[in-house]
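We count residues from 1, following the sequence as given.
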Amino acid sequence: MTAVPLPDGYSYGPWHDGPDPLAPPADLRDALDEIGRDVMAGASPRGALEELLRRGTERTSGLDELTRRLWQRRSQIQRRNNLNGTLQEVQRLLQEALDAERRDLFPDPDDDARFREAQLDALPPGTAAAVNELANYDWRSETGRDNYRKIRDLLGQELMESRFQGMKQALQNAGPEDVERINEMLADLNDLLAAHAQGADDVQQRFEDFMAKHGEFFPENPRTVEELIDALAERSAAAQRMLNSMSAEQRAELAELTQQAFGDPRLAQQLSQLDAQLRAARPGEDWTGSERFRGKNPLGMGEGAQAMADLAELDALAEQLGQSYPGASLDDIDLEALERQLGKDAGVDARRLSELERELRRQGLFERAADGTLRLSPKALRRLGETALSDVVNALRGKTGDRETESAGAAGEPTGASRPWRFGDMQPWDVPRTIRNAVLRSVSVGERQVRLDVEDVEVVETEHRSRAAVALLVDTSWSMVQEGRWLPMKRTALALHQLISTRFRNDALQLITFGRYAMPVELPELIGLESAWEQGTNAHHGLLLAGRHLRRHPDAQPVVLMVTDGEPTAHLEPDGEAVFDYPPQDRTLHKTLSEVDRLAKLGASISVFRLGDDPRLTAFVDLIARRSGGRVVAPDLDGLGAAVVGDYLRTRRR
């Protein structure tokens, strides 16, 4: 985006100073819905949160996508480039110099010209050996002399660039005095590092004196000798890995050529000493690694060292994005390095993911259990329940000929009191108190106009004319997991729980799971229940627990709802042992139907929600419905929640 000057002197342009203040906030509801789906499908809350961050959101790339782009960039660096750029350039300059020299010597008839031609013909075949052999050669051609000087300058520039990023550009037109200054800086640097290695007391003062004298060579502006060593060791290790990635012949050629850097062998010697001291000071750097480059684009020594540094940075970023090490956090991601490698949009995505994680934790959507594990908080469960119930209500509204479901189970007689409105309330507004609340709030904040806000609303409190004792039995046998019915079952329980806790607060809901055994569970337990391989569908035990719940509430209308995908294959013996057999024993069927009859005597008709088309299952649930005066519903998985909630409302009205 290009900044556009405005008439009053201001300009319009992109926001660069931190997160965009006008960017939309993190969409926590969508994020929580995704986490909730994963948790209900059997993932742990921590695993679900990590999966969301890996997957990303609709407008934000996840960690997996950012990692894929990192590996793609890494592969591009290796596929496109090779490391013989300096050798190729030296070979080209040398060949041009020799060709120009021979052209100048050919027309000269004297013996000196023939002697020089013989010298050129006798040059050793290796590039480095030829360059060293010509160190004292008196060039006749101007092109030859210039090219040989360019070779020495190139070697010096590349050698310095491989250890000090940005030096090649600074040394484009280096003269003898510049070379002397570089040698002096390297000598002082080696002295400083030696003093540091020996533990000298005045090392900080020496560092400050060194930076005052040679600070122009270090744009990183290190504040301590340790920071200086860190920066130098990282670059030196990258240069060493570059050399490790070359063939033995290429390494030997470069080592010999660098003796001619700027025509001064002291430079290579000083750098060799510097490398040794840095390696001793930072043995943890990768000094032995190597990479395979298979492209056609030649890189010089400085570019090669930068490529190796980029590869190391990409590896570090991939580890940070992987979040697989102990104590990992999105705050560990080096955003500057990520933007350097993938662009600013990648940094924006990483910031958004970090903000999303912080907001999910800050708003209390997760909490620590007694055993230290992470779990969804009651606040998060309420939000998930609102979403699940909203989906169910929309499904119910879509049914033709069932217009009264929206107001079914409405509250009864007013009590004379009022209370703040809560989500799901269908009671009429207490208009005088609502207006009074709005006036008081507006005056307290200095507003001249009265504006009605949702927090001002109060509704008339009512008493329910009747209450219900509701038992929701859900099958948790392995077949429910295997056939993809685990998540719809949990969402159904969540929607029913939300409806009762917000609109029918006097009703008593009991959630009961039944596999090999049955047990009453709280909503957080059911939502966090992990799938496990378990044989047995002990409807007998589940109905026993349902009867116990109904007897605790003798004044309430009994409602029993059962979700299952298999005929009973287990029953409970008097000693508490569950007996499993398939096909079901006659004793299992008899004990299950006996419990159905007991519930019928309590006035409970059982609604069975059959998932699956097995003929034996169909026949058995039909028998349950006939003996209890209930009914059988065979919904698809998407319609399970609407079927259960709708049946609860229908039974309650009846």
Side-chain angles (χ1 to χ4, degrees), residues 63-93 125-128 154-155 157-168 230-258 261 268 271-272 274-276 278-279 282-322 324-325 333-334 337-343 346:
L63 298 178
D64 284 350
E65 172 60 18
L66 293 175
T67 302
R68 184 195 66 79
R69 291 171 59 188
L70 285 178
W71 290 122
Q72 183 180 44
R73 170 155 171 73
R74 196 184 200 286
S75 178
Q76 287 174 348
I77 292 175
Q78 293 180 283
R79 285 202 319 266
R80 294 178 180 178
N81 303 306
N82 62 59
L83 298 177
N84 61 353
T86 299
L87 287 175
Q88 286 187 12
E89 184 64 10
V90 170
Q91 290 168 357
R92 184 187 68 80
L93 291 171
T127 302
L154 174 67
L155 291 171
Q157 293 162 9
E158 292 285 4
L159 193 58
M160 291 299 293
E161 177 73 11
S162 67
R163 305 304 196 281
F164 303 89
Q165 187 176 2
M167 288 288 282
K168 183 176 181 179
D230 286 341
L232 292 174
E234 183 178 338
R235 187 72 175 185
S236 179
Q240 183 60 53
R241 293 196 300 274
M242 175 198 66
L243 293 174
N244 298 343
S245 304
M246 295 180 173
S247 66
E249 294 79 8
Q250 289 174 326
R251 285 198 298 272
E253 286 274 295
L254 277 179
E256 193 173 352
L257 278 172
T258 53
L271 286 176
S272 178
L274 176 63
D275 289 342
L278 291 173
R279 191 163 188 164
R282 294 293 185 270
E285 289 284 348
D286 183 6
W287 299 93
T288 59
S290 62
E291 300 287 349
R292 183 183 174 211
F293 290 81
R294 51 192 182 276
K296 296 183 179 180
N297 179 47
L299 300 179
M301 292 175 64
E303 294 172 326
Q306 183 59 49
M308 300 303 296
D310 285 341
L311 293 179
E313 189 168 73
L314 289 168
D315 289 343
L317 285 169
E319 183 178 10
Q320 294 163 14
L321 293 176
S324 58
Y325 50 90
I333 299 173
D334 187 338
L338 189 65
E339 291 182 355
R340 194 159 49 240
Q341 296 297 338
L342 299 182

Check your understanding: Any donor-acceptor pair under 3.5 Å linking the side chain of Ser245 with the backbone of Glu291?
Key -> yes
Study note, to complete from the structure: One should read off an interatomic distance between Asn84 CG and Leu299 CG, to the nearest 0.5 angstrom, of 9.0 Å
Review point. What is the minimum heavy-atom distance between Ala268 and Leu159, and which atoms define it?
Key: CA-CD2, 4.1 Å
Point to revise | Pair Leu66-Leu70, side chain to side chain contact (heavy atoms under 4.5 Å, CB included): steps then yes or no | key: CA-CA 6 Å; Leu66 293 175; Leu70 285 178; 5.7 Å; no
Practice item. May I ask you to decide if Leu63's main-chain N or O and Thr67's side chain share a donor-acceptor pair within less than 3.5 Å? Key: yes
Practice item. Please round to the nearest 0.5 Å and tell me the distance separating atom CG of Asn297 and atom CG of Asn81. Key: 4.5 Å
Point to revise | Pair Glu89 + Arg92, salt bridge at N-O below 4.0 Å | key: yes
Practice item. Please determine, by modelled atom types, if Arg69 and Gln341 share a side-chain donor-acceptor pair under 3.5 angstrom. Key: no
Check your understanding: Taking Arg241 for the side chain and Asp286 for the main chain, is one N or O donor matched with an acceptor at less than 3.5 Å?
Key -> yes
Point to revise | Set of residues satisfying salt bridge (charged side-chain N to carboxylate O under 4.0 Å, His left out) with respect to Glu303, sequence neighbours excluded | key: none
Practice item. Please confirm whether the backbone N or O of Leu254 pairs with a side-chain atom of Thr258, one donor and one acceptor, at under 3.5 Å? Key: yes
Check your understanding: Which distance, rounded to the nearest 0.5 Å, do you find between the OG of Ser162 and the CD of Glu158?
Key -> 8.0 Å
Point to revise | Ion pair check, Arg340 and Asp310, cut-off under 4.0 Å | key: no
Practice item. Would you name the heavy atoms of Ala305 and Met242 that are closest together and state the gap between them? Key: N-SD, 3.6 Å
Review point. Salt bridge between Arg235 and Glu285, side-chain N to carboxylate O under 4.0 Å?
Key: no
Exercise for review: Identify the two heavy atoms, one from Gln320 and one from Ile333, that lie closest to each other, and give their separation to 0.1 Å.
Suggested key: OE1-CA, 3.3 Å
Review point. Would you say Leu314 and Trp71 make side-chain contact, with heavy atoms under 4.5 Å?
Key: no
Review point. Would you say Asn244's side chain and Trp287's backbone share a donor-acceptor pair under 3.5 angstrom?
Key: yes
Review point. Does Gln240 reach the side chain of Asp275, with side-chain heavy atoms less than 4.5 Å apart?
Key: no
Check your understanding: Step by step, would you call Phe293 with Met308 a side chain to side chain contact (heavy atoms under 4.5 Å, CB included)?
Key -> CA-CA 10 Å; Phe293 290 81; Met308 300 303 296; 3.5 Å; yes
Review point. How many angstroms lie between atom CG of Leu311 and atom CD of Gln306, to the nearest 0.5 angstrom?
Key: 10.0 Å
Point to revise | Passing option when Met246 is tested against Leu87, Asn82, Leu83 for side-chain contact (heavy atoms from CB on, under 4.5 Å) | key: Leu83
Review point. Atom CD in Gln72, atom CZ in Arg79: separation rounded to 0.5 Å?
Key: 7.5 Å
Check your understanding: Are there more than 12 heavy atoms of other residues, nucleotides or ligands under 6.0 Å from atom CD of Gln78?
Key -> yes
Review point. Do Thr86 side-chain atoms and Met301 backbone N/O form a donor-acceptor pair below 3.5 Å?
Key: yes
Review point. Considering residues, nucleotides and ligands other than Arg80, do more than 12 of their heavy atoms fall under 6.0 Å from its CZ?
Key: no
**Study point:** Enclosure of Arg292 CZ (heavy-atom neighbours >12, cutoff 6.0 Å)
**Key:** no
Revision key, fill the gap. Rounded to the nearest 0.5 Å, the CD atom of Glu313 sits from the CG atom of Asp334 at a distance of 6.5 Å
Review point. Is there a donor-acceptor pair closer than 3.5 Å between any side-chain N or O of Arg251 and the backbone N or O of Leu243?
Key: yes
